[in-house]
Undergrad: 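Quick one: the structure is below, questions incoming.
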Amino acid sequence: MNKCNKNLKTSIDLIILGATGDLAHKKLFPALYNLYDDFSFKEKFNIIALGRQDLSNSEFCSKFNDTINPSQKRDLFYNKIEYIQCDFTKKEELKLLKNNLDKTCSSKILYLALPPVIYKDVIQALIEAQFNIPCEEHSTFTRIVLEKPFGNNLESAIELNKTILSGFKEKQVFRIDHYLGKEPIQNIFSFRFANNSFENIWSSKYIDNIQIKVLEDIGVEDRGSFYDANGALVDVFQNHILQMLSILTMDRPKEFTEEYIREEKNNILKTLIYKSSLKGQYDGYRDEDNVDKNSKRETFIAVKLDINSKRWENTPIYIQTGKYLNEKRTEISVVFKENEPNLFKEKNNPNVLKFLIQPELGIELKLLGKVPSISDYMLSDIDMVYRYSNFFRELKSEYEKLLIDCILGNQINFTRSDEIDNAWRLVDEIEDDIKEKEPLIYQKESKGPSNTDTFIEQDSRYWQ
Ligand code: BG6
């Protein structure tokens, strides 16, 4: 019997494909659990977990006992989850599921927490099972969420987009980059466009160079096979780093909407020019599980880029990212031009504005100030510091924020297909340049290859 009921039109089925995988285990389910109290509409929110394993509901839920602490709330949360064994590459199985779900005529969010290599088959099967079509009569919606990497080069990304857009409209597609859910990254919009002071000097007239670092202190862990096929360039640079760069350097959008913001970000991604790079690999990488013994894959990369625009001519961008370094830190430094001519006898250090993304969240402005004294006039670096921890408590995790965005249909923090394509255009060019190069080997827990400093110093500049 069809139980379609207009009163249920706001109910949402969050369908997680790949619910027994690592992402679901470490990120998605803990985020959903944390959101449990926030859902004013939680009564109408159902979590449908799809996996290939034959598990009972309680066997499935017990998998989260290490990532979700026991409590009464946890039991209530587990009650919201329905585990269904399903081969989601088979349209017949999906069709059966769709028919069952349609009995309550809910909106649907299809979350693909799957290895990207099977995206195409699964999306095709979802479309064939008509999962892409919302129920117009009851104004429900259907959205699809995809994890990065979206394709593994420009060609495959275009192909994948074609498959998706053969059934879904762009408005329904949520391409996740979890960096866009980080508070300090979202704050760059307000820093730049709510405060006039910096926006007026946001160009190569005043800014000498921009630096982005995504440093990690862990290795490839149990992802040897994925990592060896992709490397730092695809894993972090193509998405997280280029997204941060585009937000930092984009022109002011006409309005604070997904349409204008993504247009301006894309305008930057189109104009990025590859200048040079340095490739490294941590000692011992080739002994990791599922890694080729002769692998040339980069676990570290430094890249120099230019932006081909009037605003940014002569402001190079320096980027470094790598695994198994001596610290975990993500930050963006905007290095201002030096004060010339210098009125003071000492060396004139540049002012630096730092966006601290993690582990500390905040903004620092490095200035020069007078050292208090009776007669000498000496200068020293001083820091003006804003730390989130002094103002805000209990920030939501990236996945919590992005899931809410998706439920609300807000695409500002999700990437559009042309952004992805332009990022791949650049990455393909870099990949072509580096793929045959032998990586420079660096020690674990070091600062990366020894030439990393020379990479920037040859331009008479320094890592901040
Ligand atoms: C993921 C990469 O996208 O980002 C991982 O696949 C990386 O390799 C991770 O470790 C870093 O994310 P965060 O939020 O810890 O900086």
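We count ligands from 1, going down the list as the structure has it; atoms in each ligand are counted the same way.
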Undergrad: Show the atoms of ligand 1 that are less than 4.0 angstrom away from any heavy atom in His240.
TA: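 Listed by number with element: 1 (C), 3 (O), 4 (O).
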Undergrad: Parallel, tilted or perpendicular: which one describes the rings of Phe392 and Tyr388, with boundaries at 30° and 60°?
TA: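 Rings of Phe392 and Tyr388: tilted, 30 to 60°.
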Undergrad: How does Tyr179 reach ligand 1, if at all, at less than 4.0 Å between non-hydrogen atoms: by side chain, backbone, both, or neither?
TA: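 Side chain only.
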Undergrad: Aromatic rings Tyr442 and Phe300: how do their planes relate, parallel, tilted or perpendicular, breaks at 30° and 60°?
TA: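 Perpendicular.
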Undergrad: Counting each atom of ligand 1 from 1 as listed, which ones have a heavy atom of Gln358 under 4.0 Å away?
TA: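 Taking each heavy atom of Gln358 in turn, ligand 1 has 13 (P), 14 (O), 15 (O), 16 (O) under 4.0 Å.
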Undergrad: Heavy-atom count around Glu255 CD within 6.0 Å, excluding the residue itself: above 12?
TA: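 Buried by this count: over 12 neighbours within 6.0 Å.
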Undergrad: Show which atoms of ligand 1 fall inside a sub-4.0 Å distance from at least one heavy-atom site of Lys328.
TA: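 Near Lys328, meaning under 4.0 Å from one of its heavy atoms, ligand 1 has 13 (P), 15 (O), 16 (O).
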Undergrad: Ligand 1 and Lys323, any nitrogen or oxygen pair closer than 3.5 angstrom?
TA: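 Yes, Lys323 has an N/O under 3.5 Å of an N/O on ligand 1.
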Undergrad: Take the angle between the ring planes of Tyr36 and Phe77 and call it parallel below 30°, perpendicular above 60°, tilted in between.
TA: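 Taking Phe77 first and then Tyr36, their aromatic rings stand perpendicular (interplane angle over 60°).
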Undergrad: Please list, in number order, the atoms of ligand 1 under 4.0 Å from a heavy atom of His178.
TA: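 In order of number, 1 (C), 3 (O), 4 (O), 12 (O), 13 (P), 14 (O).
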Undergrad: List ligand 1 atoms under 4.0 Å from Lys182, heavy atoms only on the residue side.
TA: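 In order of numbering, the contacting atoms are 13 (P), 14 (O).
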Undergrad: NZ of Lys337: more than 12 outside heavy atoms within 6.0 angstrom?
TA: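 Yes, enclosed.
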Undergrad: Only heavy atoms of Asp235, strictly under 4.0 Å: list the atoms of ligand 1 that pass.
TA: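 In order of numbering, the contacting atoms are 2 (C), 5 (C), 6 (O), 8 (O).
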Undergrad: Could you check whether Asn34 and Glu400, counting side-chain N and O atoms only, form a donor-acceptor pair closer than 3.5 Å?
TA: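 Per modelled atom types, Glu400 and Asn34 side chains form a pair under 3.5 Å.
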Undergrad: How are the rings of Tyr179 and His240 set to each other: parallel, tilted or perpendicular (split at 30° and 60°)?
TA: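 Correct class here is parallel.
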Undergrad: Which option wins on minimum heavy-atom distance to atom 9 (C) of ligand 1: Lys27, Glu216, Glu398, Lys148?
TA: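 Going through Lys27, Glu216, Glu398, Lys148 one by one, Glu216 has the nearest heavy atom to atom 9 (C) of ligand 1.
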Undergrad: Go through ligand 1 atom by atom and flag the ones less than 4.0 Å from a non-hydrogen atom of Arg223.
TA: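 Atoms satisfying the 4.0 Å criterion: 2 (C), 5 (C), 6 (O), 8 (O).
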